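Remember, predicted model here, so these are calculated numbers, not experimental data.
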Amino acid sequence: YSGKIDCGLNVHKQCSKMVPNDCKPDLKHVKKVYSCDLTTLVKAHNSKRPMVVDMCIQEIESRGVQSEGLYRISGFSDLIEDVKLAFDRDGEKADISVNVYEDINIITGALKLYFRDLPIPLITYDAYPRFMEAAKISDPDKRLEAHHEALKLLPPAHCETLRYLMAHLKRVIQNEKDNLMNAENLGIVFGPTLMRAPDLDAMTALNDIRYQRQVVETLIKNEDILF
């Protein structure tokens, strides 16, 4: 070990489906925050959720929930990259306040990037097929029940992070008259951010996008019942 190893888990996205959900790398090597397995990060920091998620959401809720197009409008990518580097370098000491990043879209961008960079998506490859099946059920009650069952397949840290995020997105849609974002819009933004098809051909993956959106929509609208 040359001291350069950041986390016992550095995998290509394509290979990450092979990684067990309860991967337990040697925590003293967890140096990075982004691209690190979620469960590993949470164990390394002895927290319930990744601090990136908590800090970004707290920042957004303190100054941004009324911002028009929240989560839909992209922030400047160089600055989003800056936030990522700050988290990787300083962990929970990263300064993401309005003094440093005036544009709230940089913080929402950094949060979305965190989820996109996860080696195992927030909605894990294992749980993915069950969520897809759930989204296709037409009876609303049965559909909700199926989502509830699918959530049980998520590792604890994933489920807790998803719950926290959905409660936040619920607060976002409660400010729809200012931010013009509803559950459907957020589903479009967050579907592909929170879930990736394990290894489907392009056609099936394309077809799945619509259901990914519906999964996120259902989770936001029924956050209080489902979690």
Side-chain angles (χ1 to χ4, degrees), residues 3-11 13 16 19 21-65 67 70-71 75 77-124 151 154-172 186 189-190 193-195 216 219-220 223 227:
K4 287 200 178 69
I5 295 177
D6 31 38
C7 147
L9 188 68
N10 260 355
V11 288
K13 282 221 172 110
S16 57
V19 179
N21 273 338
D22 57 352
C23 164
K24 297 185 183 63
D26 188 341
L27 295 184
K28 67 173 176 290
H29 298 308
V30 177
K31 300 274 196 296
K32 276 223 303 255
V33 171
Y34 276 66
S35 315
C36 173
D37 173 61
L38 187 141
T39 301
T40 307
L41 186 72
V42 164
K43 285 182 177 160
H45 289 263
N46 198 11
S47 56
K48 273 168 57 173
R49 294 176 299 269
M51 77 288 201
V52 175
V53 175
D54 281 33
M55 287 173 64
C56 287
I57 285 179
Q58 279 153 22
E59 194 61 36
I60 293 158
E61 295 204 348
S62 73
R63 63 182 168 106
V65 281
S67 176
L70 192 70
Y71 287 111
S77 59
D78 287 6
L79 291 175
I80 292 171
E81 206 55 37
D82 266 4
V83 175
K84 171 180 170 168
L85 293 172
F87 275 121
D88 280 344
R89 191 183 58 233
D90 308 325
E92 50 265 345
K93 294 188 182 66
D95 185 357
I96 58 168
S97 67
V98 67
N99 321 331
V100 190
Y101 302 105
E102 202 181 331
D103 179 6
I104 199 65
N105 301 316
I106 293 156
I107 309 302
T108 58
L111 182 61
K112 288 186 293 186
L113 181 62
Y114 171 74
F115 289 121
R116 281 202 302 275
D117 273 1
L118 285 175
I120 298 170
L122 189 58
I123 288 179
T124 59
L151 284 168
L154 296 177
H158 282 251
C159 197
E160 170 52 32
T161 304
L162 187 61
R163 180 197 68 75
Y164 187 75
L165 175 64
M166 291 305 134
H168 162 63
L169 295 180
K170 186 85 164 268
R171 289 189 283 275
V172 170
L186 289 172
V189 172
F190 276 97
T193 304
L194 303 182
M195 46 205 313
V216 175
L219 294 176
I220 297 172
E223 162 271 326
F227 291 96

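One distance of note links OG of S67 with CG of D103; it measures 7.5 Å at 0.5 Å rounding. Between I107 atom CD1 and I96 atom CD1 the span is 4.5 Å, to the nearest 0.5 Å. Here CD of E160 is found 10.5 Å from CG of L38. Values are rounded to the nearest 0.5 Å. Distance SG/C159 to CG/L122: 9.0 Å, rounded to 0.5 Å.
At least one side-chain heavy atom of M55 sits less than 4.5 Å from a side-chain heavy atom of F87. Contact check for T124 versus P155: side-chain heavy atoms found under the 4.5 Å cut-off. Side-chain contact between T39 and V42: absent, with no pair of heavy atoms (C-beta onward) separated by less than 4.5 Å. K84 places none of its side-chain heavy atoms less than 4.5 Å from the side chain of V52. In this structure, the side chains of T193 and V216 stay at 4.5 Å or more apart for every pair of heavy atoms. Within the 4.5 Å cutoff, side-chain heavy atoms of V172 are placed close to those of L186. By the 4.5 Å heavy-atom criterion applied to side chains, V33 and M51 are counted as neighbours.
Of all the heavy atoms in P121 and M195, the pair that sits closest is CB-CA, 4.3 Å. Between L111 and V53, the closest heavy-atom pair is CD1-CA, 3.8 Å. The two residues I80 and I106 come nearest to each other via the heavy atoms CG1-O, 3.7 Å. Residues Y101 and L79 come closest through the heavy atom pair CE2-O, 4.0 Å. In this structure, L219 and M166 approach most closely via the heavy-atom pair CB-SD, 3.8 Å. Considering every non-hydrogen atom in both L118 and C36, the closest pair reads CD2-O, 3.6 Å.
Partners of Y71 under the ring pair (Phe, Tyr, Trp, His ring centres under 6.0 Å) rule, at least two apart in sequence or in another chain, are H168, F190. In this view, Y34 and Y114 satisfy the ring pair (Phe, Tyr, Trp, His ring centres under 6.0 Å) rule, not counting sequence neighbours.
When atom types are taken as modelled, the side chain of R63 and the backbone of E102 share a donor-acceptor pair closer than 3.5 angstrom. Without hydrogens or angle criteria, D88 side chain to K32 main chain gives no donor-acceptor distance under 3.5 Å.
When each of I120, L151, I123, L194 is tested with H158 by the rule side chain to side chain contact (heavy atoms under 4.5 Å, CB included), just one qualifies, namely I120.
The cationic atom of R49 (NZ for Lys, CZ for Arg) lies less than 6.0 Å from the six-membered ring centre of Y164 and within 45° of the ring axis.
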